[in-house]
There are 2 protein chains.
Amino acid sequence: MSLINRIKHLDEGFERIRKAVPELPEDAKLCRLLLLVGERLQAEFESKLRPYKLNDSEFRTLVMLFSQPDGSSTPGELCEFTSQGATNMTRIANALAKRGLITRGHNITDRRQVVMQITAAGRRFVQKMLPGMMPSLRLTFAEFTQSDRNQFSKLMRKLAKNLTQLEHEAGDPP
Amino acid sequence: MSLINRIKHLDEGFERIRKAVPELPEDAKLCRLLLLVGERLQAEFESKLRPYKLNDSEFRTLVMLFSQPDGSSTPGELCEFTSQGATNMTRIANALAKRGLITRGHNITDRRQVVMQITAAGRRFVQKMLPGMMPSLRLTFAEFTQSDRNQFSKLMRKLAKNLTQLEHEAGDPP
DNA sequence: ATTATTTATTTCATCAGTGAAATATGCACC
DNA sequence: GGTGCATATTTCACTGATGAAATAAATAAT
C-alpha cells in the first residue's frame, strides 16, 4: 500500500478514533504523519546502502568521521553523537576497519583512547555514495519552494527544541 | 547528547561535507533533520509502551483494529496497512490474542480468512493508553500555532506524495 | 473430481540493535 | 607503587524484525 494511501487510511481511521477518544489532540495525527514519512525515508536510504553491504549505523558513523575537521574521532565521542551503545560502536568500528574505510590507532597522549580515522578509501566511498542518494533526494523534495524549505527547517527545529525539553523533564519528578 | 545539540552538530558537520561534496543539496540536511526528529519521537512512543509490555507494531496493529468501523480485520489486510510481512503479523496476532486484546476466528463466507477482532478489553486498553501519550504529545507540539500545524501537515503530505511517486518509479526502468 | 490459487501458519536462518557484566589496559592521584 | 577511575573490548543473552520455504486448509476454476 502506497504511502499516500496509508495516509488516506490514517485520515479516515483517525476520525473514528476521535469519536471514541475525543480528548485526542489533532497533534497525534501530525505525529503519525511524521513517523510514516520518516519510516519511508529511512527505508529509501537503507535501500541505497544495501548494495554496498553497509547498514545505516555504519554509514552514519562513517559520514560522521568524514565530517570531522580532521576525519577522526573516538568511539566514546561517536557513541554520544550517534546515540549508540559502546558495544555497538565496537562492532561498527570492526566492520568499517575490516573494509578498509577507517583505521584504528591509539591516541598518543592518552593511550586508553582509540582513534578512528577515515581512510582515503573511506573518503572516496562517501563521495561516491552521496551523489547516488541525490536523485531520490531531489525527487523527495520536488516542488519545495525556498519558503517551504525554511518552514520545514523551522518546524523541525521547534519540534527538536520541545523534544529536548521533554528529555530533561524526564528526570522523574517526585 | 540532546537532540538540539545533535542538530547543532549536524549543522556544523554539514558545512564541512559541503566543502568536499558541493553538489550535495540543502535538502540532504532537511532529510537528516526529519530523520533525527522522527527517531526521537519514535523512541518517546516506545518508552510509553514499554511498561505495558507491548511493542510498537503490536500497539499499532491494535489501534488499527480499534479504528476499523467494526473493530475487525484480517491478517492480510493488516499486512497491507502496516507494511508488515505475513510472518510478523501472525506473531503479532499471537501476542495480542494471548493477552486477550483480540480474538481470532474465521470468516464465515471464506473460511480461509482469519478475522482478528478487538475485544472489549482491547478497546479499554487503547482508551487507557492514548491519554497517557497526550502529555508528551502536547509538549512536543507546544508553541505550534494553527498555521504551523497546517504548514506541517501540508509539507508532510507533499513529501508523502513525492515519496509515493518514487516508489512507483522504482519499478526498475530499462 | 481434480487442479490451481489464496490465505494463513509454521519452521528456520539471519540481521541489527540493546544492555549487562566481566575483562584488559592505561591514566591520575597521592 | 598502589588504588581508583576511564576507555574500550569481549562475551552473552535477548528483542524485534525479515524473508524464504514448506505446510495446511479452504476456495475457485474447469
Side-chain angles (χ1 to χ4, degrees), chain A residues 35 38-40 42-62 65 72-99 102-117, chain B residues 35 38-40 42-62 65 72-99 102-117:
Chain A
L35 291 178
E39 269 173 30
R40 184 63 192 76
Q42 179 72 24
E44 183 65 27
F45 261 85
E46 278 166 11
S47 79
K48 294 289 185 200
L49 250 29
R50 195 154 311 123
Y52 297 92
K53 307 276 189 197
L54 268 201
N55 66 31
D56 190 53
S57 36
E58 288 159 359
F59 185 66
R60 273 156 69 162
T61 303
L62 186 61
L65 286 176
S72 76
S73 185
T74 70
E77 252 185 348
L78 291 171
C79 281
E80 267 204 327
F81 295 158
T82 61
S83 305
Q84 299 265 1
T87 307
N88 246 354
M89 194 48 71
T90 297
R91 189 181 52 74
I92 291 170
N94 288 341
L96 294 177
K98 192 186 304 183
R99 299 195 42 178
I102 67 167
T103 58
R104 263 186 298 194
H106 285 276
N107 185 334
I108 301 187
T109 73
D110 182 347
R111 296 184 38 77
R112 286 171 303 183
Q113 288 194 336
V114 166
V115 331
M116 297 163 57
Q117 167 89 40
Chain B
L35 290 178
E39 268 173 31
R40 185 62 192 76
Q42 179 72 25
E44 183 66 28
F45 262 84
E46 278 167 11
S47 79
K48 295 288 183 197
L49 250 28
R50 192 153 313 120
Y52 297 92
K53 306 276 188 199
L54 269 201
N55 66 32
D56 191 52
S57 35
E58 288 159 358
F59 185 66
R60 272 157 67 162
T61 302
L62 187 61
L65 286 177
S72 76
S73 185
T74 70
E77 252 186 348
L78 291 171
C79 281
E80 267 205 326
F81 295 158
T82 61
S83 306
Q84 298 266 0
T87 307
N88 248 353
M89 193 49 70
T90 298
R91 190 182 51 75
I92 292 170
N94 287 342
L96 294 177
K98 191 187 303 185
R99 300 194 42 177
I102 67 166
T103 58
R104 263 185 298 193
H106 283 277
N107 184 334
I108 301 186
T109 73
D110 182 347
R111 294 180 41 74
R112 284 172 304 184
Q113 288 195 336
V114 166
V115 331
M116 297 163 58
Q117 166 88 40

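In the text below, chain A, chain B and the rest are named by the order of the sequence lines, each starting its count at 1. In this text the structure is predicted, and so the values were computed from the model without any measurement.
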Do the side chain of B:Thr90 and the main chain of B:Ala86 share a donor and acceptor less than 3.5 angstrom apart? yes

Nearest atoms (heavy-atom pairs only) where B:Gln117 meets B:Ser72: OE1-CB, 3.2 Å

Regarding the side chain of B:Asn94, the nearest nucleotide among C:dT10, D:dG16, D:dA8 is C:dT10

Tell me if a side-chain donor or acceptor on A:His106 pairs with a main-chain N or O of A:Arg111 at a distance below 3.5 Å. yes

Could you tell me how far apart B:Arg91 (CZ) and D:dG19 (P) are, to the nearest whole angstrom? 13 Å

Closest non-hydrogen atom pair between B:Leu78 and B:Ser73, with its separation: CG-OG, 3.7 Å

Take B:Arg112 and B:Asn107, measure what side chain to side chain donor-acceptor pair (under 3.5 Å) needs, and give me the verdict at the end. CA-CA 7 Å; B:Arg112 284 172 304 184; B:Asn107 184 334; over 6 Å; no

Interatomic distance, A:Ile92 CD1 vs D:dT9 P [rounded to whole Å]: 12 Å

Spell out protein contact along nucleotides 20-27 of chain D as letters: B when the base is contacted, S when just the sugar-phosphate is, - when no protein heavy atom is under 4.0 Å; keep the 5' to 3' order. B-----BS

DNA chain C-proximal residues of residues 73-86 of chain B, any heavy atom under 4.0 Å: B:Thr74, B:Pro75, B:Gly76, B:Ala86

Among residues 44-62 of chain A, which ones have heavy-atom contacts with DNA chain C below 4.0 Å? A:Asn55, A:Ser57

Without decimals, in angstroms, what is the distance between B:Met89 CE and C:dA8 P? 10 Å

If we only count heavy atoms from C-beta on, is the A:Leu62 to A:Ile92 side-chain gap below 4.5 Å? no

Rounded off to whole Å, could you give me the CG-to-P distance for the A:Asn88 and D:dA8 pair? 15 Å

Taking side chain as C-beta onward, heavy atoms only, is B:Met116 less than 4.5 Å from B:Thr74? no

B:Phe81 meets the ring-ring contact (aromatic ring centres under 6.0 Å, His included) criterion, sequence neighbours left out, with A:His9

Sequence neighbours excluded, which residues qualify as side-chain hydrogen bond (donor to acceptor under 3.5 Å, both in side chains) partners of B:Glu80? none

Could you pull out all residues at least two apart from A:Glu39 that satisfy side chain to side chain contact (heavy atoms under 4.5 Å, CB included)? B:Arg60

Using a 3.5 Å distance criterion without hydrogens, assess whether the side chain of A:Glu58 forms a donor-acceptor pair with backbone atoms of A:Asn55. yes

